[in-house]
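Numbered from 1 within each chain, the chains take letters A, B, ... in sequence-line order. Because only heavy atoms are used, hydrogens play no part in the values below, and waters and symmetry mates are left out as well, while side chains stay in.
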Protein chains: 2
Amino acid sequence: MQIAPPDYDRIFGALADATRRDIVRRAVDGQEGISELAAHYPMSFAAVQKHVAILTDAGLVTKQRQGRRKVVRTNREGLRVARRLLDRYQEQWTARVDRMSALLAEDPHEEPPT
Amino acid sequence: MQIAPPDYDRIFGALADATRRDIVRRAVDGQEGISELAAHYPMSFAAVQKHVAILTDAGLVTKQRQGRRKVVRTNREGLRVARRLLDRYQEQWTARVDRMSALLAEDPHEEPPT
DNA sequence: CCCCCCTACAACCATATGGTTGTAGATATG
DNA sequence: CATATCTACAACCATATGGTTGTAGGGGGG
């Protein structure tokens, strides 16, 4: 069995909302339940609950039972997956610049091979 | 005058679509115009044009006139902005783990301050 | 046991999103 | 100039998204 490939649509989609990014930030400390989180935002408990569900689906946070609450914690691996994709794009960008530099450094009298 | 703060909604929203991520990847090489890009995807030219517009608004690519084409290039700074936010979350996560380690390392006979 | 608090989930609504087609403006080329 | 190609943009449609309210389940505390 293969490990599932990261679902970048879900990951970046989850991060594309200010409320959800703020939940990720707060959940780094891993102390608050959903209703405690909800108190920070001008929206209903159910709305925050949905945001947490979206973050959970994306693998960016986890919920853990604690008494009658469910404590929300950010998932370090989820963040890392997103970061690595951006890293790869930047690496390709750098490689491209290096190729261009190499081209510019070539003897200008030489013709590039077809 | 202040420089505009990054619009993370737009940036992550732009990255939350597989076609747009693929455009970012291809545009790293900065060679193709919109119609050339469009040939890679099973959708209309206009649809690809919209995707490019979304990426441009997000600051992830730039369009540059070249003859009658407009060459699409990825914008390195846009990628960097997204990455840095994820970096900060991870830093906070690490700081939290350090704090927890510090707590666990305390003399277990001492009571934490209320 | 009863009650309260936290969570889960369904139904609904308005607006955003991702696609389409069609029309019009620029720019090379015959 | 005439024409073909690339780009821009508007109008439209189906579905996804972000919010609401209402109802029901599950665990502590009196």
Q. Of K50(B) and V71(B), whose nearest nucleotide on DNA chain D comes first from the 5' end?
A. V71(B)
(Q) Of the options dG19(C), dG18(D), dA8(D), whose atoms approach the side-chain atoms of H51(A) most closely? (A) dG18(D)
**Q.** D17(B)/R21(B) salt bridge by N-O under 4.0 Å criterion
**A.** no
(Q) On the nucleotide dT27(C), are OP1 or OP2 found under 4.0 Å from the side-chain N or O atoms that R69(B) carries? (A) no
**Q.** Distance test, side-chain N/O of R65(A) to OP1/OP2 of dC6(C), below 4.0 Å
**A.** no
**Q.** Gap between atoms OH and P, on Y41(A) and dG18(D) respectively (whole Å)
**A.** 15 Å
Q) Of the nucleotides dG19(C), dG19(D), dT5(D), which one has an atom closest to the side chain of A47(B)? A) dG19(C)
Q) Using a cut-off of less than 4.0 Å, is there contact between a side-chain N or O of K70(B) and OP1 or OP2 of dT27(C)? A) no
Q | Closest nucleotide among dG19(C), dG18(D), dA8(C) to the M43(B) side chain | A | dG19(C)
**Q.** Any Q49(A) side-chain nitrogen or oxygen under 4.0 Å from OP1 or OP2 of dA8(C)
**A.** yes
Q: For A46(B), answer base if it contacts any base atom (sugar-phosphate contacts may also be present), sugar-phosphate if it contacts only those atoms, and nothing otherwise; contact means non-hydrogen atoms under 4.0 Å.
A: base
Q: Would you indicate which nucleotide in dG18(C), dA8(D), dA8(C) comes nearest to any side-chain atom of I54(B)?
A: dG18(C)
Q) When the distance from CZ of F45(B) to P of dC9(D) is rounded to whole Å, what number comes out? A) 11 Å
Q. Heavy atoms under 4.0 Å, any strand shown: does S44(A) hit a base, just sugar-phosphate, or nothing?
A. base
Q.
For dT7(D) and K63(B) - does any side-chain N or O of the residue sit under 4.0 Å from the phosphate oxygens OP1/OP2?
A. no
**Q.** Separation of atom CZ in R68(A) from atom C1' in dC5(C), rounded to whole Å
**A.** 5 Å
Q: Going by the side chain to side chain donor-acceptor pair (under 3.5 Å) test, name the single residue among H40(B), R69(B), R73(B) that passes it with E32(B).
A: H40(B)
